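Encoded as structure tokens, the structure appears first; notes follow it.
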Amino acid sequence: MTQRRTLIATLTSLALIAASPALQADPGKGKGHDKGHASAQGNNWSSGPQVDIGGIRIILDDNRDYWGPAQSLPPGIQKNLARGKPLPPGIAKKLDGRLVDRLPHYDGYDWVRAGADLILVAVATGIIHEVLHDVLD
């Protein structure tokens, strides 16, 4: 009886150890980046609004008078501006209200800028939902 319990405990432990990497794996990592949309399950930003990036670019092209020139952020900082990550404190600036009025509105999200990047961020959590790099230069 004791040997049986030991065998069951050993097999259960081995099964848990073997399954552990599979449970931690992200099956969508590196895939599903069509048009800047990554698939990530369980993240707050994955259930947010669908952003028409092409439409946003058209709006920006038609309203270039509503922001001044800006330099791109340093690569290290720009790398931290990614979907699903928190917006670093103090980096974002408000956009001109005339431009905000022309951009699509999504309840619970705000458009901000950081350097030459346009960012859609969740108001409640500060999590970045979308980043359009170097569109405000």
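In this text, all values refer to a predicted model and were calculated from it rather than measured experimentally.
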Residue among Asn80, Ile119, Asp117 satisfying side-chain contact (heavy atoms from CB on, under 4.5 Å) with Ile128: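 Single pass found, and it is Ile119.
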Between [atom1] on residue [X] and [atom2] on residue [Y], distance to nearest 0.5 Å:
X	Y	atom1	atom2	answer
Leu87	Thr125	CG	OG1	10.0 Å
Arg57	Asp52	CZ	CG	11.0 Å
Asp137	Leu60	CG	CG	10.5 Å
Asp101	Leu95	CG	CG	11.0 Å
Lys94	Leu99	NZ	CG	14.0 Å
Arg102	Ile59	CZ	CD1	9.5 Å

So do the side chains of [X] and [Y] get within less than 4.5 Å of each other, counting heavy atoms only?
X	Y	result
Pro49	Asp107	no
Asp134	Gln78	yes
Ile56	Val135	no
Tyr109	Glu130	no

Donor-acceptor contact present, side-chain Arg113 to main-chain Gly115, <3.5 Å: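 Checking the backbone N and O of Gly115 against the side chain of Arg113, a donor-acceptor pair under 3.5 Å is found.
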Would you confirm whether Trp67, through its side chain, and Leu136, through its main-chain N or O, come within 3.5 Å as a donor-acceptor pair?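 Judged by distance alone, yes, a pair lies under 3.5 Å.
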Check Tyr106 against Gln50 and note the closest heavy-atom contact, atom names and distance.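 Shortest heavy-atom contact: OH-O, 3.7 Å.
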Write down the atom of Val112, the atom of Ala92, and the distance for their closest heavy-atom approach.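 In terms of heavy atoms, the two residues are closest at CG2-CB, 3.7 Å.
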With side-chain contact (heavy atoms from CB on, under 4.5 Å) as the test, would you mind laying out the steps for Leu73 and Ile91 before giving the verdict? CA-CA 10 Å; Leu73 296 168; Ile91 196 168; 4.2 Å; yes
Test of understanding: clusters of I, L, V, M, F, W, Y form through side-chain heavy atoms closer than 4.5 Å, transitively. Do Tyr66 and Ile58 belong to the same one?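 The answer is no; the residues belong to distinct hydrophobic clusters.
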Given the rule that I, L, V, M, F, W and Y join up when any side-chain heavy atoms are under 4.5 Å apart, are Val123 and Trp111 in one cluster?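 No: no chain of side-chain contacts under 4.5 Å links Val123 to Trp111.
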